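Structure first, commentary second.
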Protein chains: 4
Amino acid sequence: MPASPSRRSDRARTAVLDAALALVVEVPYARLTMEAIAGRAGVSKATLYRWWTSKGEVVVEALAEQNRQQSAYALPDTGDLRTDLGAVLRAIVDELADPTYDALLRALSVETLLDPRLRDQVLETIFRPQLATFADRFAVAREAGQIGDVDPLEAMELFVAPVFHRWQQGTAPLTHAYADRVAARAVKALDMRSS
Amino acid sequence: MPASPSRRSDRARTAVLDAALALVVEVPYARLTMEAIAGRAGVSKATLYRWWTSKGEVVVEALAEQNRQQSAYALPDTGDLRTDLGAVLRAIVDELADPTYDALLRALSVETLLDPRLRDQVLETIFRPQLATFADRFAVAREAGQIGDVDPLEAMELFVAPVFHRWQQGTAPLTHAYADRVAARAVKALDMRSS
Amino acid sequence: MPASPSRRSDRARTAVLDAALALVVEVPYARLTMEAIAGRAGVSKATLYRWWTSKGEVVVEALAEQNRQQSAYALPDTGDLRTDLGAVLRAIVDELADPTYDALLRALSVETLLDPRLRDQVLETIFRPQLATFADRFAVAREAGQIGDVDPLEAMELFVAPVFHRWQQGTAPLTHAYADRVAARAVKALDMRSS
Amino acid sequence: MPASPSRRSDRARTAVLDAALALVVEVPYARLTMEAIAGRAGVSKATLYRWWTSKGEVVVEALAEQNRQQSAYALPDTGDLRTDLGAVLRAIVDELADPTYDALLRALSVETLLDPRLRDQVLETIFRPQLATFADRFAVAREAGQIGDVDPLEAMELFVAPVFHRWQQGTAPLTHAYADRVAARAVKALDMRSS
DNA sequence: TTGTAAACGAGACGGTACGTCTCGTCTTAAT
DNA sequence: ATTAAGACGAGACGTACCGTCTCGTTTACAA
């Protein structure tokens, strides 16, 4: 028996991730420091650096953890894809309007933009599970003859990209009406009758 | 009218903006510093801070300047919107594959995500001119009966957002074929026959 | 023209040296830190490290500076070498009994023991001036026929070494009587009638 | 009876003392760490701190141990004190020229300067045995009428202090000739004919 | 022979200080 | 009068050790 190889403290891990989530919301992301995370978590810097090499890593892991604890949600299914995805996009719009979620997502996006390693990690731990729920709903719609045969990733992008793009660029207000229009157009784009 | 209200040195300004562009490409953006910009530009830090308060400001102004110097380009017009926008998206895909452009755009996106002031500035100086060229092409397509009556901003987002989203998230390879599929679906979504 | 290559702040230099002297007395030398010196001096660590590379360097410079400001003192000259050097050794014994001087000299000795560079510096700035005053007094005694022809350095060592040795080793109490005995023996050792 | 309160591992003790001696020679004393001693000895830090509270303690004990194993040596006795002590001082000069002994003695001196507890320990375990051998030789010389009645400690200091002082201060080279001159002068200082 | 209790190695932990870096301001010397 | 050069106070960076504290695992005495 190799016996317990690691004595990593769960208390420290949890404290760090909690502190990171709290600080990302409180402090402009550019001013968030490892020092502050360690301080807030009541953890030594050595411990912090032993397990994470940058604030980005901490934040990504914290968000992944948070994501994992929210039980995987299924997309609504009223029978009409356009209605259902309109609802999903409205929910996303609402989330983006929440300053907390806004701050978290901006932090995540910055790290994702600058570090390919974190990009991959976010893909695996956060994006892929969400894609799976979209894929399920698309499969149903496909069998109902509402859409053609389409790559679920591309389909998902068709729906969500415009909303996130507008959020990120701030080109125009993000409203429920906009969410509905995006959903309507995307469904039309995926219609059977087409190339 | 020169109107030059200040005695600001154009030499210094140009040197700073050039240095910033060069460094954004050479150095991981997180490690780009005001110190390095000043050094590379042969400008004192005092001068640098007199006119810009952060590396983000410098970078945004540098990119805006560069953008301004590229004469406003019109979108191609072969008569078929899908073909034309497919070509545009392919061109964007090619640019995104260029490490230089990639680095510049990641830097711009980071600042845009974190600083609303810079977000607005990018909107005015970079985004809006590009939107105008799209709007022109959409107007022609509208008169040709190829698309319905649609907000040009929303239409543009429908085309470009999926491409930029995939670039930013790295969800899957960015190919010409993908650009074509996005263009095809977006055109279909804008088809006359619709809500 | 020296062209003054440095814009070194005298305020910072003085503050650091003062802080160092104060702390050497307050804090056990092993626990004296650059951090504390910087803090006490109201100086940034960067400034501290720009000009000194270790606490030893700071302390040695501080003591050299202090030494320089005390005007070079001449040894007493009553005509009798034994009496005069007895008085000097008594004065040294008194100084060594002063906790402040004791702490300073222990710090100096530690650095001197461990760093040849600092050893040389102490030699030049602190030891050599003191040797000169001894040498002058020895020259007078030589001409008065009280001692033979002797290397002033060796003569000085003969007087002071036993006292400092006993101070450092703590072998027995340091008293005025002991100082007198050492002076008496040393004078006898230097007597004319000799090898 | 609880009796045997400790099952202290002799292997660990020996390994630590050996490691300490090795490291004192290899590493500048200021950079010698408990961590390194534990590592070199193949001993856990807990074990190290269980039995010693500082590197100084380890080093002093290691040197005391080493000293104990060298059988107590008597001073030479040719009948002439000056010759004999000249030989002893020459031997000391030779030892001080040995980098290993130099490093060990500097370490010892530093601890002795800074920690009164260790100072006393060194006095008991290292200094006092050496003093005893000097005292024996002085007693013989006293009976032979070569010197007067003198405190052996003061006599010993008279001989060795100048040599150690010169070693510590680096004021001038330590040579056999210097050793002889010191011995000659000290013997003269202890001569019967005097106060 | 088997408990059992202390010592052991390994190494994570909360800390302190290290020595370096960047920031944004301020001073200086030389135009 | 403006500028480069760069020193400055502030404080975060990531590392090294500190001394303490679990952890299992020997080890050796006592039952």
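Chain A is the first sequence line, chain B the second, and so forth, proteins listed ahead of strands; every chain is numbered from 1. What you see is a predicted model; the values in this text were computed from it and never measured.
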* Short question: side chain of D/R106, backbone of C/L113 - any donor-acceptor pair under 3.5 Å? -> yes
* To do: May I ask you to test the B/T112-B/L118 pair for a side-chain heavy-atom distance under 4.5 Å?
  => no
* Any side-chain heavy atom of C/V122 within less than 4.5 Å of one from C/R119? -> no
* D/W51 side-chain N/O to E/dC8 phosphate OP1/OP2 under 4.0 Å -> yes
* 5'-most by nearest nucleotide on DNA chain E - D/R11 or A/L48 -> D/R11
* To the nearest 0.5 Å, tell me how far C/E61 CD sits from C/R68 CZ. => 8.0 Å
* Under 3.5 Å, side chain of A/K55 to main-chain N/O of A/I37, donor-acceptor pair present? -> no
* Quick one: A/W52 CH2 to F/dT15 P, roughly how many Å, whole number? -> 15 Å
* **Side chain proximity check, B/V16 to B/V58, heavy atoms < 4.5 angstrom** => yes
* Is any side-chain N or O of A/R50 closer than 4.0 Å to OP1 or OP2 of E/dC13? -> yes
* Please report how far the helix from E/dT1-F/dA31 to E/dT31-F/dA1 bends, comparing the axis fitted to its first five pairs with the axis fitted to its last five, to the nearest 10 degrees. => 20°
* Structure fact -> Side-chain contact check for B/T47: nearest option of E/dC18, F/dA4, E/dC13 is F/dA4
* Quick one: does B/L114's side chain get under 4.5 Å of B/V110's, heavy atoms only? -> yes
* Asked: A/R13 near the nucleic acid: base, sugar-phosphate alone, or nothing, with a heavy-atom cut-off under 4.0 Å?
  -> nothing
* Sub-4.0 Å heavy-atom contacts from residues 21-40 of chain D onto DNA chain F, ordered by number -> D/T33, D/M34, D/E35
* Just wondering, do A/T14 and A/D18 contact through their side chains at under 4.5 Å, heavy atoms? -> yes
* Asked: Pick the nucleotide of DNA chain E nearest each of B/Y49 and C/K55; which residue has the one closer to the 5' end?
  -> C/K55
* Asked: Is any side-chain heavy atom of B/R13 less than 4.5 Å from a side-chain heavy atom of B/E65?
  -> yes
* Asked: Which of residues 106-116 of chain C sit near DNA chain F, with a heavy atom under 4.0 Å from it?
  -> none
* To do: State which of E/dC13, E/dC8, F/dG9 makes the closest approach to the side chain of C/S44.
  => F/dG9
* Identify whether NZ of Lys or CZ of Arg in C/R8 sits under 6.0 Å from the centre of the six-membered ring of C/W52 and within 45° of that ring's axis. => yes
* Heavy-atom check, side chain of A/Y29 versus side chain of A/V59, under 4.5 Å -> yes
* Nearest-nucleotide 5' precedence on DNA chain F, A/A46 against C/K45 -> C/K45
